Amino acid sequence: MRLLCLRLRLPLPALRPNPNQTTKSFFSPSSYWLRVTRTSPTNHQKQMSSASSSAAAVAEGSAARRFWIAASSREAAFATYTPFLLSLAAGSLRLDSFRHYLAQDAHFLHAFARAYEMAEECADDDDDKVTITALRKAILHELNLHSSVLQEWGVDPTKEIPPSPATTKYTDFLLATAAGKVDGGKGSDKMATPFEKTKIAAYTVGAMTPCMRLYAYLGKELGVFLKQDENHPYKKWIDTYAATDFESNALQIEELLDKLSVSLTGEELEIIGKLYQQAMSLEVEFFSAQLLDEPVVAPLSRYRDPKDKFVIFSDFDLTCTVVDSSAILAEIAILSHQKASQSGSDNVLDRTKSADLRNSWNMLSNQYMEEHEQCIERLLPPEEAKSVDYDQLYKGLEVLSEFERQANSRVIDSGVLKGMNLDDIRKAGERLILQDGCRNFFKKIGETREKLNLDVHILSYCWCAELIRSAFSSVGCLDGLNIHSNEFTFEGSVSTGHINRKIESPLDKVEKFKIIKNDLDNTSPSLSVYIGDSVGDLLCLLEADVGIVVGSSTTLRRVGKQFGVSFVPLLPGLVEKQRRLWKQESSIFKARSGVLHTVSSWSEVQAFILGNDSS
C-alpha cells in the first residue's frame, strides 16, 4: 500500500489533490466514471521551457514556446546524452572527432545561411527582412570561427571532409523547406502572392528555430562543466553557445517565428509544428552520427559487454504511472457497489452501503498517511551518515515493511476490495495513463530485447498484477515483461476482497530483486538497472549497478540522505563517469556505491540506456 492520495483526485473528502494537477475522466465499459489524474507539464518540460530566459522573454502562448516544449521533452534529452556530447562535456573527446564535427557543422552552417537568404527573399515585411539579415550575419560569424579553427589545423572542410549522410539529410531538409517544398508545396518561385511567400518564410524559420534553441540549451547545460575544469579543452566551443549573445539570437528567431505565425491558419501552424519536430529529430541524428573513437558510458546498452546479461528492473506505481493503482482499485470497488445497488442486486453482493464503504476508504487513507509519516520518523537515525550505511538502512526499513503489511491487512479486513469484476480491472488498466516517455521506453525495450540480451522485470506493491498486465498490454509492451506483484483472489470473475500477498514491502522487493539477479549471475555476468520513485524502492536502487530515481519524492531523498545516500542528476553523474572511463578506472558502475542518479523524465532514461540507435 502506498500513499494513496499522492497523485490521485478521487471524490473522497479526506483526499486532497495536488493543486498543480488537472483531472481527466473517462467512461468505463461498466458505465461508470473513473477519475484519473494527469499532471500538468512534466518537470522535464518545465525544465526545458525555462532552461533559458526564453520562457520569460517569449510571450505566454507563443508558437515558438509551444513547439519547443513539445519537442524538447524527448529530443533535447536524446541530443544531450549522445556519446559525442557526453565526451565533449567530460573533456575526453579526441581532437580528431572534434575536428570532424567542426567540418560537418561548417557544411551545415553554409546551408543554414543560405536558408536565411531564401527566407529573407520570401519575407514581405521590412522589419522581418532586417531581423533575418542580422541572424544570417551571426551565422556567418559562427562559420568564420569554425573555418579559422580548421585552418589552424590545416584543414579545408569543404574539400577534405565531405558531408556525412546525416549532415546531408539535414541540409537537404532545410533547403527544401526554404524552397517551399513543404507538404506538397509548389515552391517559392511559383508563389503568386506576397502572403504565400510569407508563409514559406514562416515555414523556413520554423525549421531553423530548433537548431538555435537547442544549441542555446546545450550551451547552458554544458557550461556547468566548465566550472569543474578551468582548463577544459572545449571551453571556447561551450562558451560560444552559453553566451548571452547566442541566447539573444535564439530569442530573436523565436520572436520572428511568433510574428510570422500570427496570420497562419491552424492547419498551417500544424505544418510548422511538424517541421520543428523534424528539425529536432535531425539535430539528434546529426549529433549521433559524429565519429567517436573512444569508449563511452552511454548509451548503457553499448557500454556493457554484449556477452553479459542486461537486466532492467522498474517499480510501477508513480514510477511508470501518474496515479497510484491502489486508490484506483478501491474506487473501482466502490463504484462497482454503487452500480450493483442501483440494479437491485445489493443482497447478492452482501456489501455495506456505498457511502459507508467510501467512508471506510477515507479512514484507511487518512490513517495510512498519518502513520506512514510517524513510521518514517521512527526509522531515521539521529545523525546523517557520512557514507552509505546499507545494513542500518535495511534494519530501518524493517519498520516500514511491518507497517506496510499491517496497512494491507486493514484494507483486506475492511472489505473494500470485494466485488470487483475482472473485466473492469482490465479496462481500467488499459486506460491507465503512463508517465511521459514511459510507454515509448518499454516499447523500444520490447523491440530490442532479444538483440540486447535483455531481461525486464516489474517489481510492484500493486494489489492486482492483472492491472499492470493490462496497462502494458494496451501499449504493446507486455511481450517479454516479467511482472512480480500481488494478485487478487477471484470467485469466477469477481474479487473476493483477499490478496495473494507476494510483494508488499521494501524487504519483499529487494529479496525478489536478489533472487532474480543471483539466478542471472549464475549463468553469466550481468549489468543491472533499477528505476524507482519511493522509499520502498531504496534498497533495490542501491543493490542495482545503476539506480535511477524518477519523480521528486522528498521522503525518498530525506531517508536516503540520512543513511548516507547521494542523489546526483544523471547528466553530471555520467560526465564524471566518462572522465573516470577516460582515465581507465575500473568499476564505473557498481552496486551499493551509495550514489543514485535522478532524472526528470523517462526520455532521459531511454537516452541513457538505449540511446538514439534504438529510437
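When a residue number appears, it is its place in the shown sequence, counting from 1. In this text the structure is predicted, and so the values were computed from the model without any measurement.
The aromatic rings of H232 and Y234 lie perpendicular to each other, with more than 60° between the two planes, well past the 30° mark.
Between E247 and R213 a salt bridge is recorded (basic side-chain N to carboxylate O distance below 4.0 Å). Using a 4.0 Å cut-off between a side-chain N of Lys or Arg and a carboxylate O of Asp or Glu, K199 and E268 qualify as a salt bridge. Look at K169 and D172 and you find no salt bridge, because none of the NZ, NE, NH1 or NH2 atoms lies under 4.0 Å from a carboxylate O.
When all heavy atoms are compared, the tightest approach of L174 to A207 is CD2-O, 3.7 Å. Closest non-hydrogen pair, Y217 versus A76, comes out as CE2-CB, 4.0 Å. Closest of all the heavy-atom pairs between A250 and M212 is CB-O, 3.9 Å. Contact detail for L269 and S261: the closest heavy-atom pair is CD2-CB, 3.6 Å.
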Verdict with supporting geometry, W602 and F442, side-chain contact (heavy atoms from CB on, under 4.5 Å): CA-CA 10 Å; W602 273 91; F442 280 101; 3.8 Å; yes
Audit row: L102, I161, side-chain contact (heavy atoms from CB on, under 4.5 Å) steps and yes/no: CA-CA 10 Å; L102 284 182; I161 304 179; over 6 Å; no
Full working for salt bridge (Lys or Arg N to Asp or Glu O under 4.0 Å) between R99 and D96: CA-CA 5 Å; R99 183 185 294 120; D96 282 347; 2.5 Å; yes
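With sequence neighbours left out, the salt bridge (Lys or Arg N to Asp or Glu O under 4.0 Å) criterion links R439 to no other residue. Qualifying salt bridge (Lys or Arg N to Asp or Glu O under 4.0 Å) partners for E576, counting only residues two or more places apart in sequence or in other chains: R579. Residues that satisfy the side-chain contact (heavy atoms from CB on, under 4.5 Å) test with D127, not counting sequence neighbours, are D125, K259.
Aromatic ring centres of F608 and Y81: separated by at least 6.0 Å. The ring of F441 has its center no closer than 6.0 angstrom to the ring center of F78.
Side chains of D317 and S325: a donor on one and an acceptor on the other come within 3.5 Å. Between the side chains of Y170 and Q104, no donor N or O sits under 3.5 Å from an acceptor N or O. A donor-acceptor contact closer than 3.5 angstrom links the side chains of S92 and E294. With no hydrogens or angles considered, a side-chain donor-acceptor pair links E120 and T133 at under 3.5 Å.
Counting non-hydrogen atoms of other residues, nucleotides and ligands closer than 6.0 Å to NZ of K129 gives a total above 12.
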